[in-house]
Amino acid sequence: MIVAFSLVPSGGRASREDGGVADAVAAAVRVIRDSGLPNHTSSMFTEIEGSWDEVMDVVKRATEAVAQYGTRVSLVLKADIRPGHTSEMTAKLERLQGELDKQQG
């Protein structure tokens, strides 16, 4: 499965003076990268790929890391559950590029 998710702390010391939460997000991304699962972080979401149990464990641990920065955490999560398929984070993009190339030429 692939999960795209975003975590944001609020309350307490959640945001810095400039309103940013980069320190909390960095704590979550460290957990995600240390998991060893395929992942990609963009400006809005992080994607991670693995089995249901693996991915949800990482989401939980990343949420706990962000919770240290506030009194509550907002989690937005979208999942693509496709049993029997792996490496879909890259395969989906390759299929898309192939289709774009086909349509262009």
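- Taken to the nearest 0.5 Å, the OG1 atom of Thr90 stands 9.0 Å off from the CZ atom of Arg95.
- Here Ser74 pairs with nothing under the side-chain hydrogen bond (donor to acceptor under 3.5 Å, both in side chains) rule; sequence neighbours left out.
- Between Glu88 and Arg82, the closest side-chain pair of non-hydrogen atoms falls below 4.5 Å.
- Annotation: the span from Leu37 atom CG to Met89 atom CE amounts to 10.0 Å, rounded to 0.5 Å.
- Shortest non-hydrogen contact noted between Ala27 and Ala65 is O-CB, 4.0 Å.
- Among residues at least two apart or in separate chains, side chain to side chain donor-acceptor pair (under 3.5 Å) pairs with a member in residues 25-44 are Thr41-Thr46.
- The side-chain heavy atoms of Met56 and Met1, taken from C-beta on, include a pair separated by under 4.5 Å.
- Residues Phe5 and Val76 are not in side-chain contact: their nearest non-hydrogen atoms beyond the backbone lie 4.5 Å or more apart.
- Of the candidates Asp23, Thr71, Val21, Val21 is the only one forming a side-chain contact (heavy atoms from CB on, under 4.5 Å) with Pro9.
- Two residues are said to be in side-chain contact when any heavy atoms from C-beta on lie closer than 4.5 Å; Leu7 and Val25 fail this criterion.
- For Gln97, the side-chain contact (heavy atoms from CB on, under 4.5 Å) partners are Leu100, Asp101, not counting sequence neighbours.
- Transitive grouping of hydrophobic side chains (ILVMFWY, heavy atoms separated by less than 4.5 Å) keeps Val8 and Met44 in distinct clusters.
- Listed by first then second residue, pairs satisfying salt bridge (charged side-chain N to carboxylate O under 4.0 Å, His left out) with a partner in residues 42-63 read Asp57-Arg61, not counting sequence neighbours.
- Placement of Ile48 and Val73 within a single hydrophobic cluster is found when ILVMFWY residues are connected by side-chain heavy-atom separations under 4.5 Å, directly or transitively.
- Across all non-hydrogen atoms, the minimal contact from Phe45 to Ala4 is CD2-C, 4.1 Å.
- Lys78 is linked by a salt bridge (Lys or Arg N to Asp or Glu O under 4.0 Å) to nothing, counting only residues two or more places apart in sequence or in another chain.
- Partners of Thr86 by side-chain contact (heavy atoms from CB on, under 4.5 Å), not counting sequence neighbours: none found.
- In the hydrophobic clustering of this structure, Leu75 does not group with Val29; members are Ile, Leu, Val, Met, Phe, Trp, Tyr whose side-chain heavy atoms approach within less than 4.5 Å, directly or through other members.
- Residues Val59 and Leu77 have side chains in contact (heavy-atom distance under 4.5 Å, counting atoms from C-beta outward).
- Residues Ile2 and Leu93 do not share a hydrophobic cluster, defined by chaining ILVMFWY side chains whose heavy atoms lie under 4.5 Å apart.
- Minimum heavy-atom separation, Val66 to Ala28: CG2-CB, 3.6 Å.
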